[in-house]
Structures are given as structure tokens and as C-alpha cells.
Amino acid sequence: QVQLVESGGGSVQAGGSLRLSCAASGYTGRSYCMAWFRQAPGKEREGVAIIYTGGGSPTYADSVKGRFTTSQDNAKNTLYLQMNSLKPEDTAMYYCAASASYSRLRFCSDRLSEYNYWGQGTQVTVSS
């Protein structure tokens with residue numbers, strides 16, 4: 001059973017930076033699609049960044065391209081989301097998620113339904 005624990009959220013002014021971490025445990029040695037999603041009040045949860053632990057380049061939502069970077073530290077089983085040039089519209093609860101669907105789809109989906117494991121979320125608030 002994969003368990004995910006996010007940390008690193010907080011409050012920051014527009015233009016500032018935050019780094020989120022997602023500590024993973026319970027991996028069985030297989031590769032996963034790892035993703036960051038976010039959900040603002042009154043809005044649907046949306047994909048922000050996706051990375052495949054088996055290799056390849058991450059993908060990003062258009063709204064965060066050039067500002068956010070996701071990376072992984074395999075030795076620590078930790079996923080990161082570096083968020084720079086933050087905007088008030090980035091305010092949301094940020095979730096880390098994992099999916100074992102790559103073996104079936106041959107790509108990492110951004111559909112919520114493909115992600116089996118979720119963290120509890122960490123709040124990011126950006127003030128203007």
C-alpha cells in the first residue's frame with residue numbers, strides 16, 4: 001500500500017517561492033506516475049505536474065509552465081514541486097498522487113480517476 005505525505009505548504013506573497021515535498025512509502029519496486037494536483041475553493045481538482053518515476057520528462061499544466069518544476073529523489077522516495085513566481089491564482093490545496101496505470105496506458109494520465117493513491121494535501125496561499 002503506497003502512502004504519500006505532503007509538506008512545505010504555507011503563505012507567501014505574490015512573486016515568492018515555495019517547495020512542496022511528497023514523501024512516499026510502501027513502494028513495491030515498480031515505477032509509478034507521480035503527479036501534483038491542486039484544488040482551489042469552489043473549483044475542480046486539476047493536474048499541475050506529472051512525472052514518471054521510470055524516466056522521461058515531466059509534463060506541466062499550461063498555467064504553471066516556466067514557473068513550477070517537479071523532480072524526484074529516488075534515494076529518499078520523495079517527490080518535489082518547486083514553485084516560483086507564485087501568483088494569487090495559485091492559491092489552492094496541493095495534493096500528491098500516485099498511479100500504477102503506466103503499464104496499462106503506456107503514458108501518465110492527468111485524469112484523477114487514474115490515480116489510486118493520494119496524500120492528505122498541503123495548503124498554499126499566495127497574497128497579492
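Computed from heavy atoms alone, side chains included, the values below leave out hydrogens, waters and symmetry copies. Bear in mind that the values here come from a model prediction, so they are computed numbers and not experimental data.
With sequence neighbours excluded, the residues forming a side chain to side chain contact (heavy atoms under 4.5 Å, CB included) with Ser17 are Gln82, Asn84, listed by chain and number. Residues forming a salt bridge (Lys or Arg N to Asp or Glu O under 4.0 Å) with Arg106 (at least two apart in sequence, or on another chain): none. Every residue was checked against the ring pair (Phe, Tyr, Trp, His ring centres under 6.0 Å) condition with Tyr60, not counting sequence neighbours, and none meets it. Residues passing the side chain to side chain contact (heavy atoms under 4.5 Å, CB included) test with Thr125 are Ser11, Thr91, Gln123, sequence neighbours excluded. Partners of Gln120 under the side chain to side chain contact (heavy atoms under 4.5 Å, CB included) rule, at least two apart in sequence or in another chain, are Val5, Glu6. Among residues two or more places apart in sequence or in another chain, the side chain to side chain contact (heavy atoms under 4.5 Å, CB included) test is passed with Arg67 by Val64, Ser85, Lys87, Asp90. Under the rule for a ring pair (Phe, Tyr, Trp, His ring centres under 6.0 Å), Tyr80 has no partner lying at least two apart in sequence or in another chain. Scored by the salt bridge (Lys or Arg N to Asp or Glu O under 4.0 Å) test, Glu89 finds no partners at all (sequence neighbours excluded).
Atom OG of residue Ser25 and atom CG of residue Asn77 lie 8.0 Å apart, to the nearest 0.5 angstrom. Between the OG1 atom in Thr122 and the CG atom in Leu20 there is a gap of 6.0 Å [rounded to 0.5 Å].
Tyr115 belongs to a hydrophobic cluster with Phe37, Ile50, Met93, Tyr95, Leu112, Trp118, counting contacts under 4.5 Å between side-chain heavy atoms of Ile, Leu, Val, Met, Phe, Trp and Tyr, direct or through other members. Tyr52 belongs to a hydrophobic cluster with Tyr102, counting contacts under 4.5 Å between side-chain heavy atoms of Ile, Leu, Val, Met, Phe, Trp and Tyr, direct or through other members. Applying the under-4.5 Å side-chain rule to Ile, Leu, Val, Met, Phe, Trp and Tyr, the cluster around Leu105 extends to Phe107.
For Pro88 against Ser128, the heavy-atom pair with the smallest separation is CG-CB, 3.9 Å. Contact detail for Glu114 and Ser99: the closest heavy-atom pair is O-OG, 2.7 Å. The two residues Ile51 and Pro58 make their nearest non-hydrogen contact at CD1-CG, 4.0 Å. Of all heavy-atom pairs spanning Ser31 and Gly54, the tightest one is OG-CA, 3.5 Å.
Taking 4.5 Å as the limit, every side-chain heavy atom of Val126 sits out of range of all side-chain heavy atoms of Gln13. Under the 4.5 Å side-chain criterion, counting only non-hydrogen atoms from C-beta, Tyr32 is in contact with Tyr117. Residues Leu4 and Met34 meet the side-chain proximity criterion, which asks for heavy atoms closer than 4.5 Å. Considering only heavy atoms from C-beta on, Thr53 comes within 4.5 Å of Gln72 through its side chain. Residues Tyr94 and Met83 are in side-chain contact: their nearest non-hydrogen atoms beyond the backbone lie under 4.5 Å apart. When side chains are defined from C-beta on, Leu86 counts as touching Leu18, because their heavy atoms get closer than 4.5 Å.
Under the 3.5 Å distance criterion, the side-chain polar atoms of Thr78 are matched with a main-chain donor or acceptor of Lys76.
Evaluation of the disulfide bond (SG atoms under 2.5 Å apart) test over residues 95-128, restricted to residues two or more places apart or in two chains, returns Cys22-Cys96, Cys33-Cys108.
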| task | I would like to know whether Leu81 and Thr69 meet side-chain contact (heavy atoms from CB on, under 4.5 Å); could you show each step before the answer? | result | CA-CA 6 Å; Leu81 183 68; Thr69 303; over 6 Å; no
